[in-house]
Amino acid sequence: MPTLVLAALALQVAAMDDPAQRHEACLALIGQNAELAYEEALAWRHQGGGWPSEHCVSLALIALDQAEAGASRLRAAAEGAVSATDASRAIMFGQAGNGFLLAEAPQDARAAFERGLDFAPGDSGLKRGVAQAALALSDAGAAESAASDALQTASADAGRAEALRLRAEARLALGALDSALSDAEAARAVQPDNIDILLLRGRIKEAIRQQQG
């Protein structure tokens, strides 16, 4: 998008009186120009923009490849957003968890996802985040448990397939190969062209072949 158009868009964002509209517009600007969104969000924060402005600052930092800094700020913003809805705080903690995963900080990621569950106990995405972080920490038992919990509340095919993939990965690590293959096949039935699922299925089959000699 041309620079002048982006600048005009940023000015429109800054001119909005409705905090909710400004928040939405700031987040949308990240996808167009993260640096410009970061600058606008900082200015808004200095004007007293509260947690919505800090949310935009943090996500812009993550988009600018400063994942750990952005995730840390986002976690702090979520903790301090006492005026936000529980759903909004859960989303922010989930986004912080994803940022920590990008920054290869799985312990912080796991804590952020688990904190998000305090505000949205049935959220399948947060439970999948816990499972992913646990796998990165080589805690296969916790990953299997979290993925199983995620399956109980998954409402979309993509979420179900991902939960099955994560549980299959955990069960492979635990040596429960038949169960791992069953999960991989179930995930493949939902998303037959998912490369990650197909590769995992191949690894499980190879582990079974080696076990059988």
Side-chain angles (χ1 to χ4, degrees), residues 1-103 105 108-130 132-133 150 153-160 162-163:
M1 186 176 291
T3 302
L4 288 177
V5 175
L6 282 170
L9 179 57
L11 287 173
Q12 291 174 12
V13 172
M16 289 179 176
D17 293 326
D18 185 339
Q21 288 185 349
R22 187 169 184 179
H23 183 212
E24 184 177 345
C26 188
L27 296 180
L29 185 58
I30 293 173
Q32 304 294 332
N33 187 313
E35 186 171 356
L36 195 58
Y38 174 70
E39 293 171 357
E40 142 59 21
L42 275 182
W44 184 22
R45 192 191 63 164
H46 290 311
Q47 295 164 5
W51 72 261
S53 61
E54 188 63 28
H55 183 211
C56 193
V57 168
S58 303
L59 289 181
L61 279 173
I62 293 172
L64 290 167
D65 296 325
Q66 298 183 50
E68 188 164 10
S72 295
R73 291 183 70 145
L74 189 47
R75 177 178 57 192
E79 287 289 359
V82 293
S83 63
T85 65
D86 283 356
S88 293
R89 297 179 81 178
I91 288 169
M92 286 192 285
F93 278 115
Q95 290 170 331
N98 288 330
F100 282 125
L101 286 177
L102 283 174
D108 285 324
R110 182 174 178 174
F113 289 126
E114 289 176 342
R115 182 67 172 125
L117 286 168
D118 290 338
F119 298 96
D123 191 286
S124 180
L126 291 170
K127 293 173 183 178
R128 294 195 302 272
V130 172
Q132 187 173 352
T153 53
S155 58
D157 283 350
R160 180 170 177 78
E162 178 63 5

Check A112 against F93 and note the closest heavy-atom contact, atom names and distance.
-> O-CB, 3.5 Å
Compare every heavy atom of A154 with every heavy atom of G159, then report the nearest pair and how far apart it is.
-> C-CB, 4.1 Å
What heavy-atom pair brings K127 and G122 nearest, and what distance separates the two atoms?
-> NZ-CA, 4.0 Å
Flag the pair F113 / L101 as yes when at least one side-chain heavy-atom distance between them is below 4.5 Å, and no otherwise.
-> yes
Under 3.5 Å, side chain of S124 to main-chain N/O of A150, donor-acceptor pair present?
-> yes
Should D118 and R115 count as an ion pair when the cut-off is N to O under 4.0 Å?
-> yes
To the nearest 0.5 Å, tell me how far F119 CZ sits from T85 OG1.
-> 10.0 Å
Neighbour count above 12 (heavy atom, 6.0 Å) for E35 CD = no
CD (E39) with more than 12 external heavy atoms under 6.0 Å | yes
State, to 0.1 Å, how close L117 and V130 come at their nearest heavy-atom pair, and which atoms those are.
-> CD1-CG2, 4.1 Å
List the atom pairs, with distances to 0.1 Å, where a side-chain N or O of residues 56-69 and a protein N or O form a donor-acceptor pair under 3.5 Å, not counting sequence neighbours.
{"unit_1": "S58", "atom_1": "OG", "unit_2": "E54", "atom_2": "O", "d": "2.8"}
{"unit_1": "S58", "atom_1": "OG", "unit_2": "L74", "atom_2": "N", "d": "3.3"}

What is the distance from atom CG of D157 to atom CD of E162, rounded to the nearest 0.5 Å?
-> 13.5 Å
Quick one: closest heavy-atom pair of W51 and A77, and the distance?
-> CB-O, 4.4 Å
Kindly give the heavy-atom pair with the smallest separation between P52 and G49, and that separation in Å.
-> CD-O, 3.2 Å
Can you measure from NE2 (H23) to NE2 (H55) and round to the nearest 0.5 angstrom?
-> 5.0 Å
Quick check: are there more than 12 heavy atoms from other residues, nucleotides or ligands sitting under 6.0 Å from CZ of R89?
-> yes
